[in-house]
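These notes concern the structure reproduced below.
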Amino acid sequence: MKKNIRDRKHVRFCTDFDKSIVINSFQRRGWKEVSPEDDWNIYWSNTLNCRNIFNLENGYRLHDNQLINHYPNHYELVRKDLLVKNIRRYRKDLEKDNNPLAEKGQIKLADGQTVNRYLYLDFIPTTYILPTDYNLFLDDYRKSPQTMYILKPCGKSQGAGICLINKPSKLKKWSRESKKYLQHQLTSKDTYVLSRYIDNPLLIGGKKFDLRIYVLVTSFRPLKAYMFRNGFCRFCSLKYDTSLAELDNIYVHLTNVSVQKHGEDYNVHHGGKMGIQNLKLYLEGTRGRVVTERLFEEMQWLIVHSLKAVAPVMVNDRHCFECYGYDIIIDDNLKPWLIEVNASPSMTGTTTNDRILKYNLVENLLSIVLPPDGVPDARWNKTPSTESLGDFDTLIDEEFLNKNPEINSDRNN
Amino acid sequence: MDNLKEDAIHHTAMKLAEELKNLSIYKSFYSDVQKLDPLSCLTKASAQWEKRIHKSLNSMCSDLETSLAKVRSQSEQEELTDKWNELSTYNLGVNPNMPSSVSGFATLEAERIGLGERVTALGYAPVIQEYLKKGSPQCLRAKLWAQVLGADVGTQHIAHFNRLKKSVLEVDLMIDKLIFKDVQLTASNDDQYFVFEDLLYQVMLCFSRDGEVMQHLKGCIGNPLNVTIKGRQTSVDSITVFPPSGIIPFHGFTMYATPFCYLYDDPVQLYFIFRAFYIRYWHKLHYISTHPQGIVSLCLLYERLLEANEPLLWIHFRNININPIRVVFKWIMRAFSGHLPPDQLLLLWDTILGYDCLEILPLLAVAILSFRKENLFQVNTLQNVDAVLADLSTISVISLLQLALMKPQ
């Protein structure tokens, strides 16, 4: 079964998706497609199959020339409730160690309230994991009843099951109507999160958007992460409107392309997508360089710390790499908020430009993940050359920083 | 053998030339040819073109069974006022069979920004122009352009814009349909500009109502139509120039305005910068005239530059039966808007302001062809030539221009 291949021509791949972009990229390298039961070298799997492979009960062991595109417990980063738990724990741990990163301060909110917030690590909107945090939510709601919330199922994607909540009665009504919620209440399994809704998003042309940023991780300990330069904004097709009448209009509030695609105003030429470089150009031109640079630095900052938060609990299997789709919303104070992280970001191209972007993404990803000879090898030191980064930028490389402590101390300043 | 043949042809040619000169009608024929005045030729061509456009407008009008200009009904005015900020959703009931119209300390960058900040603080236009020749950093551009064009917005500008808006809301002009169509077909489908479509509707509609544009361009834009507004009492107010700006929009007209959306999010400021650029430069790109910066002259300049600097490429185009201007005309006429990505386009428009001329456009066109000539030599159909030149996303405008301007003549 274990074959010692040293020849890029004999690389075998398998995939759970029929996504042409991924398959074409593999085939262009002369790789041969096989089934998951065969001896493969690289597996572009779905999350379920990956979890099964690593399930101890199955006794499956990957050999040195096998790479897979997920970490066994990626859900620590990707499930909405676990992400919140991990970040909370990370911040508390830093606080206990008196690390200046965890410094807190008084922040004045728009409604006049003063709250105690982390100064540098306040990048997720206040979130309540239901039903555990329900009473906490009620307390906070009474203190500021004008706040809008968004309710999301922990394990779903593509905008499914999401609704906006502006008062507890709406939540109660929804919980009465939703049988699934009751079921899980009985088993006391947390399956929903309620987050403060960012009702003051930055608007361009009167429309709300969010950002999709691709982040490749090849190792969690030491942390090695790369950010793809060509992220994009996903715009709602309708103008942003916070009136109650539009509370349930998903075309106004939800930026998921899977939602917007079905709207009347969806345009197939651009698909509501604008490149992040153009966002930068627009912000620099209309708001100035200083605030724009700060925004982009803060986005990188929040990505790095979200990864650091889950790094201690991730199974750092050397056969694994993962390309995450980060969803970020910018508010009208130019502050970025982490909304969620996706482990299987869509690899389908919705427009010509989008297809080109995703081809590049897969190509550059492979050139980072594979050693110079192009053959999957889990024993490789995972140190890609600068040329092989392509359109990725190194976000953090802890191995490099550990070897060069003088740089490390500069960063902490 | 070939030499003999060539000599024979040469001698025949000489002989024919001699005989022509000895014809009795020769002298008068020759002097008549000299009289052909290029100016009157062009004026005639320009007037004929204008006539065709006016005729087209009138027939479009009868096709659509509407009037060129009419007062809007109360309900229509209310609806339009409500929708003013999101005109991309306003349904004009556009006829899909409508005929299509005719057709920018620590690093060197920080140093550049530091210099730019001093330039903008000084606020002296010639200094700004000099600075713009090398391109401006994006963060300073909005201010610099407003300063150099004298288009900073004050209360009188806001009042003027609101008057234009009122005019749009009150009177329906048939070209509104053209404007809507144009924005829909160009900006709304473009992944660089679609987010700004609502802003662009406002700007383009107001522009069409702005009589000051016509005043500024008197003599350059021919003789616009005068029409009666249906629904108004016969008076001075009931006749309007159609449209008041004197400019009839065409497919792609909106692209003259789209790049400004990356600099200004206030519609009034956006409007006046666009208007200033249009009055100073863009109208020359689509009106036939003998102006040395007009589209005709720019095309001629392009041809001369190409022939002089890339003779092999020139010959190659001739050999494959492609008129060289055909390949770049759309770039020049649109000042590259929609063809270069916004960041590069804005640098190009910096240089237009910096050198205060449009000759930069044919210069860049030739520079791009020169840059891609190896690929161009490989192809021999117009389709393939267009394919080689379709993607300009990797072009670095400032470097190319500097190379071109430094080339020994």
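In what follows, chains are A, B, ... by sequence order, proteins preceding strands, each numbered from 1. Small disclaimer: the values here were computed from a predicted structure and weren't measured.
In this structure, A:Lys335 has no side-chain hydrogen bond (donor to acceptor under 3.5 Å, both in side chains) partners at least two apart in sequence or on a different chain. Residues forming a side-chain hydrogen bond (donor to acceptor under 3.5 Å, both in side chains) with A:Ser20 (at least two apart in sequence, or on another chain): none.
With chain A as partner, the option from B:Asn189, B:Asp190, B:Ile113, B:Asp191 having the largest number of non-hydrogen pairs under 4.5 angstrom is B:Asn189. Between chain A and the options B:Leu200, B:Asp265, B:Leu199, the largest number of non-hydrogen pairs under 4.5 Å is found for B:Asp265. Chain B forms more heavy-atom pairs under 4.5 Å with one residue of A:Val290, A:Thr292, A:Ile204 than with any other, namely A:Ile204.
Without hydrogens or angle criteria, A:His270 side chain to B:Ser188 main chain gives a donor-acceptor distance under 3.5 Å.
The two residues A:Leu281 and B:Tyr262 come nearest to each other via the heavy atoms CD2-CD2, 3.7 Å. The shortest heavy-atom contact between B:Tyr264 and A:Thr286 is N-CG2, 4.0 Å. Contact detail for B:Gln138 and A:Gly285: the closest heavy-atom pair is NE2-CA, 3.3 Å.
Neither the backbone nor the side chain of B:Leu140 comes within less than 4.5 Å of any heavy atom of chain A.
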When you look at A:Asn278 and B:Gln192, which way does the side-chain contact (heavy atoms from CB on, under 4.5 Å) test go after all the steps? CA-CA 7 Å; A:Asn278 281 340; B:Gln192 322 267 22; 2.5 Å; yes
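Each salt bridge (Lys or Arg N to Asp or Glu O under 4.0 Å) pair with one or both residues in residues 346-363 of chain A, not counting sequence neighbours, appears once here: A:Arg29-A:Glu363, A:Lys273-A:Asp354, A:Asp354-A:Lys358.
Within 6.0 Å of the CZ atom in B:Arg118, the count of heavy atoms belonging to other residues, nucleotides or ligands does not exceed 12. Other residues, nucleotides and ligands place more than 12 heavy atoms under 6.0 Å from the NZ atom of B:Lys330. The local environment of NZ in B:Lys133 is crowded, with over 12 non-hydrogen atoms from other residues, nucleotides or ligands closer than 6.0 Å. By the 6.0 Å contact criterion, CZ on B:Phe371 is open, its count of non-hydrogen atoms from other residues, nucleotides or ligands being 12 or less.
With contacts defined as side-chain heavy-atom distances shorter than 4.5 Å, the pair B:Asp343/A:Gln277 does not qualify.
For residues 143-153 of chain B, an interface with chain A (any heavy-atom pair closer than 4.5 Å) does not exist.
Note that CZ of B:Phe196 is 11.0 Å distant from NZ of A:Lys207, once rounded to the nearest 0.5 Å.
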